[in-house]
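These notes are about the structure you will find just below.
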Amino acid sequence: MKPHFHKVPIASRTSFSIRHDKGSGFGTVWHYHPELELHYLIKGTGVRFIGDNISNFSDGELILLGENLPHTWRVEEGTSNSSVEVIIIHFLPNCLGSELLLLPEAYQIPKLYEKAKRGLLIKGKAREGIIPLMQAAVNAQNLDRLIALLSILKILAEASDMETIASAHAFYKSNDSETLRLNKIYAYTLSNYRSDISLHDVASIANLGITSFCRYFKLMTKKTYNDFLVEIRISQACRFLIEDKLATEVICFECGFNNVSNFYRHFKKVTDMTPLEYKRKYLYKTAPELI
């Protein structure tokens, strides 16, 4: 999907941006920027789109996005950005000086930047060490600000407990009309995934004929619209399974699938697990004594 270029505001007399947002942490536009982005979600739930990956997000998630990696976050349907709290650091690869990246002692940093081009979910001790540094960096001044960023980069560069998010790095430029069209498709799909969405309906939203829409969407996203819709529905099903309040058969219809066998087949294809395996895996992580 062709993203919109976003100009990250960086205050004068500073080398990078850090902000602590409460109530307005997310935009809704699919976008990219040349800055890397370290994104700590203090509070919020919904669906995130990073590169070619569609996944749920929830409280406590820490992610590093590489330069020009397209992304957007959308809060859970029925909630608003008022329920979101985030700390976000934006920094150019050479914000601490191009010479730093050439120093033999800093050889791990360029490797980190390369890995981040596919997005990294930070876990374990690295996450535990980075969060307090980000919190302190919000109000840090002068050299303390630079030291905080360098300390964060040290932990990231040496970390092994990280999960790659996107399967491939894709970068495109788009014009404003394409951005508007694709965001309309996104918004319509996220609002109506529980219902039967016909190609005629979504093509009309894009102001295209069905054949032209299918060709256009495949060109922009490298996947069919039906595949995209299934991924959205499965991401919502995963959230319901984690909440563990509804039976799997009920979740099937809540997420827009018209029969249980079809739901199981798509769930296995997208997650490589059955719904029961997915639920057991999550419950084991959060409360192994219950398994």
Side-chain angles (χ1 to χ4, degrees), residues 1 3 25-32 36-66 69-79 81 83-86 88 115-124 126-127 161-170 182-183 185-187 189-191 193-194 221-244 251 254-257 263 266-275 277-286:
M1 182 170 295
F26 298 147
T28 58
V29 176
W30 175 244
H31 67 282
Y32 68 94
L36 287 91
E37 177 176 322
L38 185 60
H39 192 285
Y40 170 43
L41 179 71
I42 300 171
K43 182 175 66 173
T45 57
V47 179
R48 55 170 163 80
F49 304 77
I50 297 174
D52 60 357
N53 178 268
I54 303 171
S55 298
N56 294 299
F57 66 82
S58 57
D59 300 355
E61 191 171 80
L62 180 64
I63 284 177
L64 177 66
L65 303 178
L69 177 59
H71 58 279
T72 190
W73 274 257
R74 289 179 181 267
V75 296
E76 190 173 10
E77 187 176 351
T79 63
N81 273 350
S83 61
V84 172
E85 184 178 358
V86 293
I88 301 174
K115 291 178 184 177
K117 288 182 178 179
R118 293 173 61 185
L120 297 171
L121 179 62
I122 315 302
K123 301 179 176 181
R127 176 184 170 278
D161 196 2
M162 298 190 291
E163 179 181 316
T164 301
I165 297 172
S167 63
H169 172 55
L182 290 166
N183 278 308
I185 296 168
Y186 257 26
T189 305
L190 286 166
S191 297
Y193 70 89
R194 290 188 177 93
T221 67
K222 311 304 179 188
K223 64 182 72 176
T224 67
Y225 178 75
N226 185 64
D227 288 341
F228 172 74
L229 176 59
V230 166
E231 288 179 8
I232 294 292
R233 286 171 169 166
I234 294 301
S235 71
Q236 299 296 336
C238 289
R239 180 169 300 283
F240 282 128
L241 288 167
I242 288 170
E243 290 175 350
D244 200 23
I251 292 173
E254 280 290 319
C255 294
F257 292 96
F263 168 65
H266 284 300
F267 195 96
K268 178 74 172 180
K269 181 179 179 181
V270 172
T271 67
D272 202 30
M273 289 181 281
T274 67
E277 288 170 342
Y278 183 90
K279 184 188 290 188
R280 282 177 173 171
K281 181 179 179 181
Y282 177 81
L283 290 176
Y284 181 78
K285 286 182 178 178
T286 55

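Treat the numbers as computed from the prediction; the structure is a model and nothing was measured.
For the pair Glu61 and Tyr40, the minimum side-chain heavy-atom distance is 4.5 Å or more. Between Glu163 and Lys123, some side-chain heavy-atom pair lies under the 4.5 Å cut-off. Side-chain contact check for Thr164 versus Leu120: some heavy-atom pair is nearer than 4.5 Å. Side-chain contact check for Phe263 versus Ile234: some heavy-atom pair is nearer than 4.5 Å. Between Tyr225 and Ile185, the closest side-chain pair of non-hydrogen atoms falls below 4.5 Å. Put simply, the side chain of Ile251 reaches to within 4.5 Å of the side chain of Leu241, judged on heavy atoms. Between Val84 and Trp73, every side-chain heavy-atom pair lies at or beyond the 4.5 Å cut-off. Within the 4.5 Å cutoff, the side chain of Thr45 has heavy atoms near those of the Arg239 side chain.
A donor-acceptor pair under 3.5 Å links the side-chain atoms of Asp59 to the main chain of Gly44, judged by distance alone. No side-chain donor-acceptor contact under 3.5 Å links Arg48 to the backbone of Thr72. A donor-acceptor pair is defined here as one N or O able to donate and one able to accept, closer than 3.5 Å; such a pair exists between the side chain of Arg118 and the backbone of Ala166.
Shown here are the salt bridge (charged side-chain N to carboxylate O under 4.0 Å, His left out) partners of Glu231, two or more places apart in sequence or in another chain: Lys223. Listed by chain and number, the residues in a salt bridge (charged side-chain N to carboxylate O under 4.0 Å, His left out) with Glu277 amount to none (sequence neighbours excluded). With sequence neighbours excluded, no residue satisfies salt bridge (charged side-chain N to carboxylate O under 4.0 Å, His left out) with Arg127.
Annotation: Lys115, atom NZ; neighbour count of heavy atoms from other residues, nucleotides and ligands within 6.0 Å does not exceed 12.
Rounding to the nearest 0.5 angstrom, the gap separating the CZ atom in Phe228 from the CZ atom in Phe49 is 5.0 Å. Rounded to the nearest 0.5 angstrom, Cys238 SG and Glu243 CD are separated by 11.5 Å. Taken to the nearest 0.5 Å, the CG atom of Leu41 stands 7.5 Å off from the OG atom of Ser58. Annotation: the span from His39 atom NE2 to Ile50 atom CD1 amounts to 8.5 Å, rounded to 0.5 Å. Within the model, atoms CZ of Arg74 and OG of Ser191 stand 8.5 Å from one another, a figure rounded to the nearest 0.5 Å. A distance of 9.0 Å separates NZ in Lys281 from OG1 in Thr271, rounded to the nearest 0.5 Å.
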task: Walk me through it: do Ile122 and Ile63 pass the test side-chain contact (heavy atoms from CB on, under 4.5 Å)?
output: CA-CA 6 Å; Ile122 315 302; Ile63 284 177; over 6 Å; no

task: Could you please spell out the steps behind the side-chain contact (heavy atoms from CB on, under 4.5 Å) verdict for Leu62 and Leu38?
output: CA-CA 7 Å; Leu62 180 64; Leu38 185 60; 3.9 Å; yes

- request: Please report the C-alpha distance between Ile42 and Val86 in whole Å, then the side-chain angles of each, then the deciding distance to 0.1 Å, and finally whether the side-chain contact (heavy atoms from CB on, under 4.5 Å) criterion is met.
  value: CA-CA 5 Å; Ile42 300 171; Val86 293; 5.9 Å; no

message: Test side-chain contact (heavy atoms from CB on, under 4.5 Å) on Val47 and Ile54; report intermediate values, then the result.
response: CA-CA 7 Å; Val47 179; Ile54 303 171; 3.7 Å; yes

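Asn53 and Ser55 share a donor-acceptor pair across their side chains, judged by distance under 3.5 Å alone. For the residue pair His71 and Glu37, a side-chain donor N or O sits within less than 3.5 Å of a side-chain acceptor on the partner.
Ring-centre distance between Phe267 and Tyr278: below the 6.0 Å cut-off.
Between Arg233 and Cys255, the shortest heavy-atom distance links the atoms CG-O, 2.9 Å.
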